[in-house]
Participant: 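Handing you this structure, nothing more for now.
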Amino acid sequence: MSDKTILLRTENLRKYFTIKSGFNTKYVQAVEDITIEIAKGETLGLVGESGCGKTTLGRTILRLYEPTKGKIYYDGQLIFDGDNIKNNPDMLPFRRKMQIIFQDPSASLDPRMTVGEIVAEALDIHGLYTQKNDRKERVAELLDMVGLNREHANRYPHEFSGGQQQRIGIARALAVEPEFIVCDEPISALDVSIQAQIVNMLEDMQDKLGLTYLFIAHDLSVVKHISDRIGVMYLGNMVELVESNELYRNPLHPYTKTLLSAVPVPDPEVNRKSQRIMLEGEIPSAIDPPSGCRFHTRCPYVMDICKKEAPVFKEVEDGHYVACHIVS
Ligand SMILES: Nc1ncnc2c1ncn2[C@@H]1O[C@H](COP(=O)(O)OP(=O)(O)OP(=O)(O)O)[C@@H](O)[C@H]1O
Ligand SMILES: [Mg+2]
């Protein structure tokens, strides 16, 4: 982390999706009252099983999904206030500062647009050039930056490999000179052989441009190297958040312990000693989540109180946040 100025803060941020079937209305409780801060220049990793709400949290922070409740601050400015929805600011000026890189590059690039048009679209929206030639020059510069070449501007996305397509997605995100980028599993759709290249490039960009990342991944091995801190989500809740090395050294939430026990360890000595903890049962539905602690149906240490009361997400050690009745 380069400094401790808070760039992004959420307060009890909630996102429920409404689903209607016939006369019934149900709510998918995808993100449940999450309070987090991300410092300028930091990478906050975000992990958890499929469907736990990582993408929803990332998109809700950017207001690509309208939040259901709570507050979002960006660089000290309130950009969403659930108690005062009518006065929420226009997002256009913030869109320039906050960008997203998607999981599936091929699905996120319009197949009818050339690479040049894709990368320049945001320049057009935000009026970031005065002369046509500046626009062309800026696109060439962005393609250079992500390891493509300027001739690629005239081609279409399908002419590129997955890794190159993700480079196009990254060039598009960088076009508007953002400060904050949600990287939503940017490598999980790519060949293992090129994953490291993309991660390294994102790290280089961060160093060069002073970017702040929310870096979403399925499993801990991906976020370990890139993240300053890691947040662990379970069924819409943030269950643990702490500095990366500390999460590995001293995981406190039973769910984090199970996630860590599933990460392959290169050292066989360590492997033999660490017990692999298996979770029982399926992940419950976010439409009708368990009462009390949402993890209680699968927790090996479940107590009576866990079924009745949701544990508060709080700082139990310096900078170490956990939501668990056993720990607090
Ligand atoms: N547009 C939507 N409408 C209704 N429900 C949705 C919508 N998007 C996501 N959900 C639901 O919200 C919950 C969280 O989904 P989300 O995509 O945020 O999870 P995720 O952690 O990103 O999963 P993955 O690792 O598979 O990408 C899931 O139950 C999902 O089915
Ligand atoms: Mg997702």
Side-chain angles (χ1 to χ4, degrees), residues 8 10 12-22 24-36 38 43-70 72 80 98-108 162 166 169-170 173 181-190 192 195 198-199 202 213-224 226-227 230-241 253 255-256 258-260 262-263 279 281-291 294-295 297-298 313 323:
L8 187 110
T10 69
N12 298 314
L13 189 64
R14 176 183 289 186
K15 177 62 186 175
Y16 288 2
F17 294 104
T18 310
I19 41 174
K20 293 197 164 78
S21 63
N24 285 331
T25 303
K26 288 183 175 167
Y27 299 96
V28 183
Q29 302 180 17
V31 166
E32 184 72 19
D33 297 6
I34 287 186
T35 299
I36 52 166
I38 308 178
T43 297
L44 179 68
L46 190 59
V47 293
E49 281 164 291
S50 186
C52 72
K54 303 179 299 294
T55 295
T56 305
L57 177 60
R59 292 189 182 190
T60 306
I61 284 173
L62 302 180
R63 281 186 66 200
L64 296 174
Y65 291 153
E66 203 55 7
T68 305
K69 210 195 94 175
I72 307 171
F80 177 82
M98 309 165 84
Q99 289 286 312
I100 183 164
I101 298 167
F102 297 95
Q103 172 170 1
D104 183 351
S106 63
S108 69
Q166 194 56 296
I170 294 168
I181 303 182
V182 173
C183 304
D184 189 359
E185 303 207 37
I187 58 164
S188 51
L190 307 178
V192 176
Q195 288 183 347
I198 299 291
V199 170
L202 288 169
Y213 290 151
L214 177 66
F215 197 101
I216 300 173
H218 251 84
D219 71 289
L220 278 159
S221 50
V222 174
V223 287
K224 184 178 181 188
I226 195 168
S227 307
I230 296 176
V232 180
M233 283 184 77
Y234 183 80
L235 208 60
N237 290 136
M238 190 67 72
V239 297
E240 184 156 8
L241 196 156
H253 197 285
Y255 179 62
T256 312
T258 61
L259 279 186
L260 282 170
V263 178
L279 282 183
E282 290 284 297
I283 183 163
S285 161
I287 294 175
D288 189 16
S291 61
R294 289 185 175 187
F295 185 57
T297 53
R298 298 168 83 196
F313 182 69

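Ligands are counted one by one from 1 in listed order, and the atoms in each one are counted from 1 as well.
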Participant: Given side chain to side chain donor-acceptor pair (under 3.5 Å), test Asp33 with Thr35 step by step and report yes or no.
Facilitator: CA-CA 7 Å; Asp33 297 6; Thr35 299; over 6 Å; no

Participant: Name the closest protein heavy atom to atom 5 (N) of ligand 1, giving the residue it belongs to and the distance to 0.1 Å.
Facilitator: Phe17 CD1, 3.4 Å

Participant: For the residue pair Met238 and Phe313, what are the closest heavy atoms and their distance?
Facilitator: O-CD1, 3.3 Å

Participant: Work out which heavy atom in Leu220 is nearest to a heavy atom in Val47; give both atom names and the distance.
Facilitator: CD2-CG2, 3.9 Å

Participant: Can you pull out the closest protein heavy atom to atom 13 (C) of ligand 1? Residue, atom name and distance to 0.1 Å, please.
Facilitator: Gly51 O, 3.6 Å

Participant: Just to confirm my output: which protein heavy-atom neighbour is closest to atom 26 (O) of ligand 1, and how far is it?
Facilitator: Ser50 OG, 2.5 Å

Participant: Begin from the C-alpha positions of Ile283 and Tyr234 and carry the test side-chain contact (heavy atoms from CB on, under 4.5 Å) through to its verdict.
Facilitator: CA-CA 9 Å; Ile283 183 163; Tyr234 183 80; 4.2 Å; yes

Participant: Should you measure from each heavy atom of Glu185, which atoms of ligand 1 turn up under 4.0 Å away?
Facilitator: 25 (O), 27 (O)

Participant: Taking all heavy atoms of Ala189 and all of Pro105, pick out the closest pair and write down the distance.
Facilitator: CB-CD, 4.4 Å

Participant: With rounding to the nearest 0.5 angstrom, report the CZ to CG distance, Arg14 to Leu57.
Facilitator: 14.0 Å

Participant: Tell me if the aromatic rings of His253 and Phe295 count as close, with their centers under 6.0 Å from one another.
Facilitator: yes

Participant: Enumerate the atoms of ligand 1 whose separation from the nearest heavy atom of His218 is less than 4.0 angstrom.
Facilitator: 25 (O)

Participant: Is the distance from the Mg ion (ligand 2) to the nearest N/O/S atom of Thr55 under 2.8 Å?
Facilitator: yes

Participant: For atom 12 (O) of ligand 1, find the nearest protein heavy atom and state the residue, atom name and distance (0.1 Å precision).
Facilitator: Ala30 CB, 3.4 Å

Participant: Quick test: of every protein heavy atom, which one is nearest to atom 17 (O) of ligand 1, and how far off is it to 0.1 Å?
Facilitator: Thr55 CB, 3.9 Å

Participant: Would you kindly specify which portion of Met233 sits under 4.0 Å from ligand 1, judged on non-hydrogen atoms: side chain, backbone, both or neither?
Facilitator: neither

Participant: How far is atom 25 (O) of ligand 1 from its nearest protein heavy atom, and which residue and atom name does that atom have?
Facilitator: Lys54 NZ, 2.7 Å

Participant: Atom OG1 of Thr60 and atom CD1 of Ile72: how far apart are they, to the nearest 0.5 Å?
Facilitator: 7.0 Å

Participant: Spell out, as yes or no, whether a donor-acceptor pair under 3.5 Å connects the side chain of Thr68 to the backbone of Tyr16.
Facilitator: yes

Participant: Below the 3.5 angstrom mark, is there an N/O of Gly48, backbone or side chain, next to an N/O of ligand 1?
Facilitator: no

Participant: Return the closest protein heavy atom for atom 30 (C) of ligand 1 as residue, atom name and distance.
Facilitator: Val28 CG1, 4.6 Å

Participant: Which is it for Thr56 and ligand 1 at heavy atoms under 4.0 Å: side chain, backbone, both or neither?
Facilitator: both

